[in-house]
Amino acid sequence: MEIVEIIRRCKSGENEAWKMMIHSYSKAIYNIALNFIADRDEAADITQEIFVKVYNNIAKFKEEGNFTSWLLMLSRNYCIDYWRKHKKHMHKVEMDDTIHADAPNPEEVQVKQSEIARLREKMLQLDPDLRLFLTMKDIEDLSYEEIADHLKVPIGTVKSRINRARIKLAQLVVQAGSEHGMSRN
Amino acid sequence: MECREIEELLSAYIEGKLAAVPRRAVDAHMLACPTCAGLRDSLIQLICDLPDLHEEVPFFLQNRLLQISERTERRRPHPFFFPKWVAATVGTLILFLNLFYFTNIFPLANRGLHSAVSKVEQLIAKTDGFLEKIKESKDMLLYTFFNKKPAEEKINEEKKGISLKAIEQGGKNG
C-alpha cells in the first residue's frame, strides 16, 4: 500500500493503517533519535513522543506526497529541542553489556560493542545538525538528494556538512584511539 | 592543492564522484602528504563502521507505538480559533485600563479614561431613549394594523380585572 493511502486511512482512524505507518517509519525515527541522543531509553521516549505528535496532527497534514519530509523535519526539530534542553546531562554513553550466551565469539562481540559505544560517544561531540545529517546518510543510508529534498536544504550544503561531519568524527576517533593506546602503555 | 582543499573533496573522492582532473590532483597529493592519506583511511574506516550503529526497534517500543492509536484521543481542531497571544494582549490591556481608571498613577490617562467612560454612558442613555421610542412605535403599529395590545398593557388589564372581581366578590360577601 502506498503512503498516500496509508495516511488517508490513518486520518479516518483505521488501526491497521497506523500499524503500517509504524512498520514503515519507526526504525528510521528510532535510529535518528538513538544516534542523536546516544541513550536507548531516551531514544525510545523521543520516538514515542514524535509518533504521538504525528497521530495528533495527521488530520492537518495536506500534502500526502511529502509525508516523509514532514516526519523527518518534525523529528529533527524535536531532537534538536530535546538536545538543547538536556545537553548538560549527555556526556556518558551507555554500554550494551548484554552478550548472548550463544554468540559465536563473546570476546569479539564485546570488542565490537565497545567500539560502537565509543563511536556513539564521539558522535555526541558533533554539532546537532552535523550529527543528524551524518545519521541520515551513513546510518540510515539516504542519498544526498533525499536528505536535501526532505530537509529542504540545498544539496551542496548537505554534501559539505556530511563531509565536515565525517572528517570531524574521524579525527575524534583517531584522537581517542591514540589516547586509549597511550593510557594502555 | 593544499590540505584544506583536499579535505573538502575527500567524501566525493572516496565515493568515486570526483571528475578525472581533480581526482588525479587528490591522488598526487595523497602520495606526498601522509596526514591527508591517514585521514582518507580513517574516513573509509568510519564509513564502513557507521552502519553498525543502526539498531532494530526494541519490542517494547514497537508495542508502545502501536498502542498510540488506541490510547491517545485525537485532538480535534477547536471550532473557535482564538490565539493565545490575542488573549494575553486583551487581558493585559484590561488590567492596565483598570489600573489607570481606578488609580491616579497617570493623571492624563485617568482623566482621558473617565471622559471616555462618561461619553459611553451618555451614549447608552441616548440609546436607551431611542430603544424606548422604537418599542413605542412597534406597539403603535401592532395596535393600528393587527389590533394587538402591547404585552405590558395586557398584563395591567388582567391585573385590573382580577382586582375588580375581588372587589365584587368582597361586596357580595358582605
Side-chain angles (χ1 to χ4, degrees), chain A residues 10-11 13-19 21-23 25-31 34-35 38 40-41 43-45 47-48 50-52 54-60 96 112-113 115-116 119-120 122-123 134-135 137-141 144 159-160 162-167 169-171 173-174 177, chain B residues 2-19 22 26 29-30 33-79 81:
Chain A
C10 272
K11 281 181 181 177
E14 278 185 41
N15 273 345
E16 275 307 308
W18 179 251
K19 277 181 191 169
M21 163 98 75
I22 296 296
H23 287 303
Y25 289 101
S26 60
K27 208 187 279 184
I29 303 302
Y30 174 68
N31 275 285
L34 177 62
N35 292 300
R40 288 189 181 83
D41 292 336
D45 290 344
T47 311
Q48 189 177 353
I50 289 170
F51 276 101
V52 168
V54 168
Y55 186 77
N56 283 331
N57 293 303
I58 202 159
K60 290 181 203 163
D96 189 2
K112 190 76 198 162
Q113 281 174 349
E115 271 175 18
I116 287 174
L119 198 51
R120 261 204 194 114
K122 293 298 154 200
M123 269 187 84
L134 193 65
T135 304
K137 177 74 183 86
D138 287 340
I139 301 175
E140 285 311 299
D141 202 24
Y144 290 117
K159 284 182 179 173
S160 74
I162 289 170
N163 187 46
R164 208 159 5 121
R166 281 172 177 169
I167 290 172
L169 188 59
Q171 286 168 342
V173 170
V174 170
Chain B
E2 286 183 17
C3 293
R4 180 172 278 210
E5 290 172 273
I6 296 294
E7 277 188 9
E8 282 170 17
L9 300 173
L10 217 45
S11 282
Y13 175 75
I14 290 167
E15 288 165 359
K17 287 176 183 166
L18 268 189
V26 176
H29 183 92
M30 290 295 172
C33 178
T35 316
C36 286
L39 187 61
R40 175 201 56 196
D41 295 343
S42 314
L43 222 62
I44 291 170
Q45 184 62 45
L46 180 75
I47 294 170
C48 289
D49 288 345
L50 278 170
D52 291 342
L53 299 190
H54 186 92
E55 284 189 13
E56 289 299 313
V57 180
F59 187 66
F60 76 92
L61 177 63
Q62 192 82 18
N63 273 347
R64 263 155 62 178
L65 296 178
L66 291 174
Q67 285 170 356
I68 288 174
S69 63
E70 291 153 23
R71 289 190 177 176
T72 317
E73 203 172 306
R74 192 172 277 169
R75 265 185 249 148
R76 288 190 180 84
H78 204 276
F81 179 68

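Each chain gets a letter, A, B and so on, in the order its sequence line appears, and its residues count up from 1.
Of the atoms belonging to B:Gln45, not a single heavy atom falls under 4.5 Å from chain A. Contact annotation for A:Leu134: only side-chain heavy atoms (C-beta onward) come within less than 4.5 Å of a heavy atom of chain B. Contacts of A:Asp45 with chain B are made by both backbone and side-chain atoms, with heavy-atom separations under 4.5 Å. For A:Met123, the part lying under 4.5 angstrom from a heavy atom of chain B is the side chain only. In this structure, the portion of A:Tyr30 lying under 4.5 Å from any heavy atom of chain B is its side chain and not its backbone. With a 4.5 Å cut-off on non-hydrogen atoms, A:Asn31 touches chain B through its side chain but not through its backbone. Contacts between B:Gln67 and chain A at a heavy-atom distance below 4.5 Å are absent for every atom of the residue. No part of A:Lys159 comes within reach of chain B, as not one of its non-hydrogen atoms sits under 4.5 angstrom from that chain. Neither the backbone nor the side chain of A:Ser160 comes within contact range of chain B; no heavy atom of the residue lies under 4.5 Å from a heavy atom of that chain. Only the side chain of A:Asn35 comes within contact range of chain B, with at least one heavy atom under 4.5 Å from a heavy atom of that chain.
From B:Ile44, atom CD1 reaches atom CZ of A:Arg166 across 11.0 Å, with rounding to the nearest 0.5 Å. Expressed to the nearest 0.5 Å, how far CG of A:Asn163 lies from OH of B:Tyr13 amounts to 13.5 Å. Residue A:Phe51 holds its CZ atom at 7.5 Å from CD1 of B:Ile68, rounded to the nearest 0.5 Å. Once rounded to the nearest 0.5 Å, the distance linking CD1 of B:Ile47 with NZ of A:Lys137 reads 8.0 Å. Remark: B:His54 NE2 to A:Glu140 CD distance equals 5.0 Å, nearest 0.5 Å. We find the CD-OG distance between A:Gln171 and B:Ser42 to be 8.5 Å, quoted to the nearest 0.5 Å.
Contact count versus chain B (heavy atoms, under 4.5 Å) is highest, among A:Ile29, A:Ile162, A:Leu119, for A:Leu119. When each of B:Leu43, B:Leu10, B:Leu9, B:Leu39 is checked for heavy-atom pairs under 4.5 Å with chain A, B:Leu43 comes out on top. Among B:Val57, B:Leu53, B:Ile14, B:Leu46, the residue with the largest count of heavy-atom pairs under 4.5 Å with chain A is B:Leu53.
The side-chain heavy atoms of B:Leu50 and A:Leu169, taken from C-beta on, include a pair separated by under 4.5 Å. With a 4.5 Å cut-off on side-chain heavy atoms, B:Glu7 and A:Arg164 do not count as touching.
The minimum heavy-atom distance between B:Ser69 and A:Tyr55, with the atom names listed, is O-OH, 3.3 Å. When all heavy atoms of B:Gln62 and A:Ser26 are compared, the pair lying nearest together is OE1-OG, 3.9 Å.
Applying the 6.0 Å contact sphere to CZ of B:Phe59 captures no more than 12 heavy atoms from other residues, nucleotides or ligands.
Partners of A:Tyr144 under the ring pair (Phe, Tyr, Trp, His ring centres under 6.0 Å) rule, at least two apart in sequence or in another chain, do not exist in this structure.
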Item to complete: Take B:Asp49 and A:Val173 through the side-chain contact (heavy atoms from CB on, under 4.5 Å) test and state the conclusion after the steps.
Response: CA-CA 11 Å; B:Asp49 288 345; A:Val173 170; over 6 Å; no
